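Each remark here refers to the structure printed beneath this line.
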Amino acid sequence: MAGKNGEVLNGGAEEGPPGIINKIFPKMISPSTAKDWFDRRRAHIRPWNNFVDQRRFSRPQNFGELCKRVTRNVEHFQSNYIFIFLGLILYCIITSPMLLIALAVFFGACYIVYLKTLQSKMVLFGRELSMANQYGLAGAVSFPFFWLAGAGAAVFWVLGATLVIIGSHASFHEIEGDFEELQMEPV
């Protein structure tokens, strides 16, 4: 049954690493959709040298200009900000060995669930478990490891660091193409 779900959502993908991932997490987003989204984000990245150019940073004159800068810079540098967020997540995972172990336990439990569903339906206390229940069980098994690893603190650290970095960049980076508006204002 898990094979049928994976084929429906995957479009009959071949066996191998991508096929296994689709069958372990059949209701999640397909790798082709994720790759397309990732490629679109990469295509819209603004040049990093413009992003970090120190000459383009200045203090906003007033609160109205601050709001205008934040709004325009978030729209303009959206893809850059997403890659900063992903980089902070990767940094947090790599620098926390316990978090790596917790993730390994979770994905190991999901793989065991996948292998069990290939053999037969999973039954617990005389009741057949649905796929959502099985993955919930895998999450429950790995929860103590995430708790010991401080996953909650890691999530809030990543969110806080992202907000500080993006907020300060968007606030202090001058708006691209704002020079025409400056010339049109009356003196």
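Remember, it's a predicted structure, so these values are computed and weren't measured experimentally.
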Note to self: Any heavy-atom pair between the side chains of Thr117 and Met131 that's under 4.5 Å?
What the structure shows: yes
Next item on the list: Determine the minimum heavy-atom distance between Pro60 and Arg69, stating which atoms define it.
Entry: N-NH1, 3.7 Å
Check: Taking everything shown except Phe57 itself, do over 12 heavy atoms lie less than 6.0 Å from its CZ?
Finding: yes
Margin query: Quick check: closest heavy atoms across Glu174 and Asn73, and the distance to 0.1 Å?
Written below: O-OD1, 4.1 Å
Checklist line | Common cluster, Phe51/Val74, ILVMFWY with side-chain heavy-atom separation under 4.5 Å | finding: yes
Note to self: When you group the ILVMFWY residues by side-chain heavy-atom contacts below 4.5 Å and let the links chain together, are Trp157 and Leu163 in the same group?
What the structure shows: no
Item checked: Rounded distance (nearest 0.5 Å) linking atom OG of Ser168 with atom CZ of Phe172 -> 7.0 Å
Check: Is there a path from Leu100 to Val158 through hydrophobic residues (I, L, V, M, F, W, Y) whose side chains come within less than 4.5 Å of each other?
Finding: yes
Item checked: Rounded distance [0.5 Å steps], OG in Ser142 versus CG in Leu137 -> 9.5 Å
Note to self: Less than 4.5 Å apart, side chain to side chain, heavy atoms only: is that true for Asn50 and Arg56?
What the structure shows: no
Checklist line | Same cluster (ILVMFWY, side-chain, under 4.5 Å), Ile165 and Val52 | finding: yes
Checklist line | Distance, nearest 0.5 Å, that separates CG of Asn62 from SG of Cys67 | finding: 9.0 Å
Next item on the list: Please examine the side chains of Lys116 and Val113, heavy atoms only from C-beta on, and report whether any two atoms are closer than 4.5 Å.
Entry: no
Give the table of side-chain donor-acceptor pairs shorter than 3.5 Å for residues 77-94, with sequence neighbours excluded, one pair per line with atom names and distance.
from: Ser79; atom 1: OG; to: Arg41; atom 2: O; distance (Å): 3.2
from: Ser79; atom 1: OG; to: Arg41; atom 2: NH1; distance (Å): 3.0
from: Asn80; atom 1: OD1; to: Arg46; atom 2: N; distance (Å): 3.0
from: Asn80; atom 1: ND2; to: Arg46; atom 2: O; distance (Å): 3.1
from: Tyr81; atom 1: OH; to: His169; atom 2: ND1; distance (Å): 2.7

Check: Tell me, do Leu103 and Phe145 make a side-chain contact under 4.5 Å, heavy atoms counted?
Finding: no
Next item on the list: Using side chain to side chain contact (heavy atoms under 4.5 Å, CB included) as the criterion, list what pairs up with Ser130, not counting sequence neighbours.
Entry: Ala132, Asn133
Note to self: When you group the ILVMFWY residues by side-chain heavy-atom contacts below 4.5 Å and let the links chain together, are Val155 and Leu99 in the same group?
What the structure shows: yes
